[in-house]
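Counting starts at 1 for both ligands and their atoms, following the listed order.
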Amino acid sequence: MSENVFPVPTTVAETALVDNAKYLAMYERSVKDPAGFWGEAAKRLDWAKPFTKVKNTSYDPHNVSIKWFEDGELNVSYNCVDRHAASKPDAVAIIWEGDDPKDSKAITYGALKDEVCRFANVLKAHGVKKGDRVTIYLPMIPEAAYAMLACARLGAVHSIVFGGFSPDSLAGRVEDCASSVIITADEGLRGGRKVPLKANVDAALAKFAGVSSVLVVRRTGGDVAMQAGRDFYYDDEAAKVSADCPAEPMNAEDPLFILYTSGSTGKPKGVLHSSGGYLVYASMTHEYVFDYHPGEIYWCTADVGWVTGHSYIVYGPLANGATSLMFEGIPTYPSASRFWDVVDKHKVNIFYTAPTAIRSLMGAGEELVKKTSRASLRILGSVGEPINPEAWLWYYNVVGDGRCPIVDTWWQTETGGILITPLPGATALKPGSATRPFFGVQPAVVDAEGNILEGATEGNLVLLDSWPGQMRTVYGDHERFVQTYFSTYKGMYFTGDGCRRDADGYYWITGRVDDVINVSGHRMGTAEVESALVAHPKVAEAAVVGYPHDLKGQGIYAYVTLMSGEEPTEALRKELVAWVRKEIGPIASPDLIQFAPGLPKTRSGKIMRRILRKIAEDEFGSLGDTSTLADPGVVDDLIENRQNRR
Ligand code: WT7
């Protein structure tokens, strides 16, 4: 091994759930006998009706079908709440840490049950039944977890929209799944600033009429418009109902939630996850990947608007009866030591965050970390994008004082849970590598033709067989599901990621190979940003690519051709950035806009993105063959006026 290798620390090995020999044995069993392995694993949940069939999956592009535990019945809310409320009502389920460091509270499993039941009864009173879709547009407050679990209790399907999305993005998602109820808050609070959630809902509903009830949680008490007969304050409604609501038994394959995510083309896809397989997988990965021991305080800093929040703030930890910390704020408020202050305040043992946060805190300096104790920390985690070795080493040495393994977890919205990851007691770490597959996961590296490559190699990452947490379909568009994931390489699930596998069988994810970019761990389709730009009256054409960005991982680089007669001014540049923020949301703001009189196109009119990517990456010395361009001259102008000069 030529790289730096970090062995399992002895203190971690002493108590770890799994050592290397056990990992290898369990892994082998999981792929040789998936039905036996997952049938046993599923016993971690309480089933209302036991399943008799474990796995029934096909990746055949003519018949893609994924079913796990298909004749079993269970309720996700019961599994995450009631069984722990019965056995340990006073154990803390959620520690909530508010935006303001003075604001925090603990919610026990007993209290969680009352809150979830009450929330479910409010939804019922507003007509929500099994199978209905409910949109959740909330800040990081406990009510977000109550609302999710309340939907699950009734068998309603939740669709959470991240609070940073614009009214237009929200409207598109509400309409796509035909939600008749939206749960929101008056305002969110992040870094001391207010986020106008209810006003955004009002703006979204001005365009779309299918919503009958908007439930508004009071967070700031801000003055918001309330439309009589449509808008209701949640606390008023909750006062009218009881804290007793039976959990509806659901088929394992009944949908639990939809979560919209960006693809390489078109509008965001509604990724649909199941009840049984998803929960088995989220719960099992949470326990093993974080080596979770009962009583430990676990903190995932994600937002519930992303899949990480679904699987590793709410469903996985609560299914395991864990104590999950939920944080409303941002890493830099009131200061850049907030994360470490919260770790000390709540004696956090396991801490899971994103490389973009690590990089920005790294920039704030070591002193802000070192002045805190962090002695409670045992395991660190990373997710969302490749972590560069410098950030890894800083996280390991400075934050973890060289004693906490880092689990670099590779997965996707589509996968429901972590697929490639170290296990703290089993895996020697290499900075920047997600290392080895979790139980039941069969990664392979293929070339462009889909040939499976052996040994140390590089290519595209595919998965050869199903795991219980896999998405089941694109909501309302199964054909798109088949096309997107199963048609590039026959009989395989295509991840969209490139990767390298080293001589030790470790995987190194190199990033997306499609037109999806990853900005601060937020996934964005370049096509979405392009369509927002061309919707501006002064824009004729736009092409968007990613480029390396020190803090964000990737930044958004937009090439824009204006309508003839329009002047390329600084003011217009600002206007276009504001326009995209309004159309999609702040996370989609272009970092660089280059006005381009012409884009490099083939004679058939296809934009050659390879060239645009190279220029954005500041590697215009190696543009490759430009002879097939209709007008090779545009390239000189693009290079001349590039926006990324360092
Ligand atoms: C894409 C999925 C998984 C929850 C958050 C993101 C990238 C994710 C890693 C990692 C390298 C990673 C991939 C993947 N990604 N984790 N540990 N190392 N890349 O979910 O928004 O669906 O994005 O994020 O490119 O395909 P997502």
Legend entry - Near ligand 1, at a heavy-atom separation below 4.0 Å: residues by chain and residue number: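 Around ligand 1, where the cutoff is 4.0 Å for heavy atoms, the contacting residues are Val307, Thr308, Val383, Gly384, Glu385, Pro386, Asp408, Thr409, Trp410, Trp411, Gln412, Thr413, Asp497, Ile509, Arg512, Asn518, Arg523.
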Legend entry - With sequence neighbours excluded, residues passing ring-ring contact (aromatic ring centres under 6.0 Å, His included) with Phe162: Trp306, His522
Legend entry - Lys/Arg-Asp/Glu bridge criterion (N-O < 4.0 Å) met for Asp504, Arg436: no
Legend entry - Pair Glu390 + Arg359: basic N to acidic O under 4.0 Å: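 No salt bridge links Glu390 with Arg359.
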Legend entry - Min side-chain heavy-atom separation Val580-Leu533 under 4.5 Å: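 The answer is yes, as the side chains (C-beta and beyond) meet within the 4.5 Å cut-off.
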Legend entry - Listed partners of Arg480 passing salt bridge (charged side-chain N to carboxylate O under 4.0 Å, His left out), at least two apart: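 So Arg480 forms no salt bridge (charged side-chain N to carboxylate O under 4.0 Å, His left out) with any residue.
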Legend entry - Listed partners of Asp477 passing salt bridge (charged side-chain N to carboxylate O under 4.0 Å, His left out), at least two apart: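 So Asp477 forms no salt bridge (charged side-chain N to carboxylate O under 4.0 Å, His left out) with any residue.
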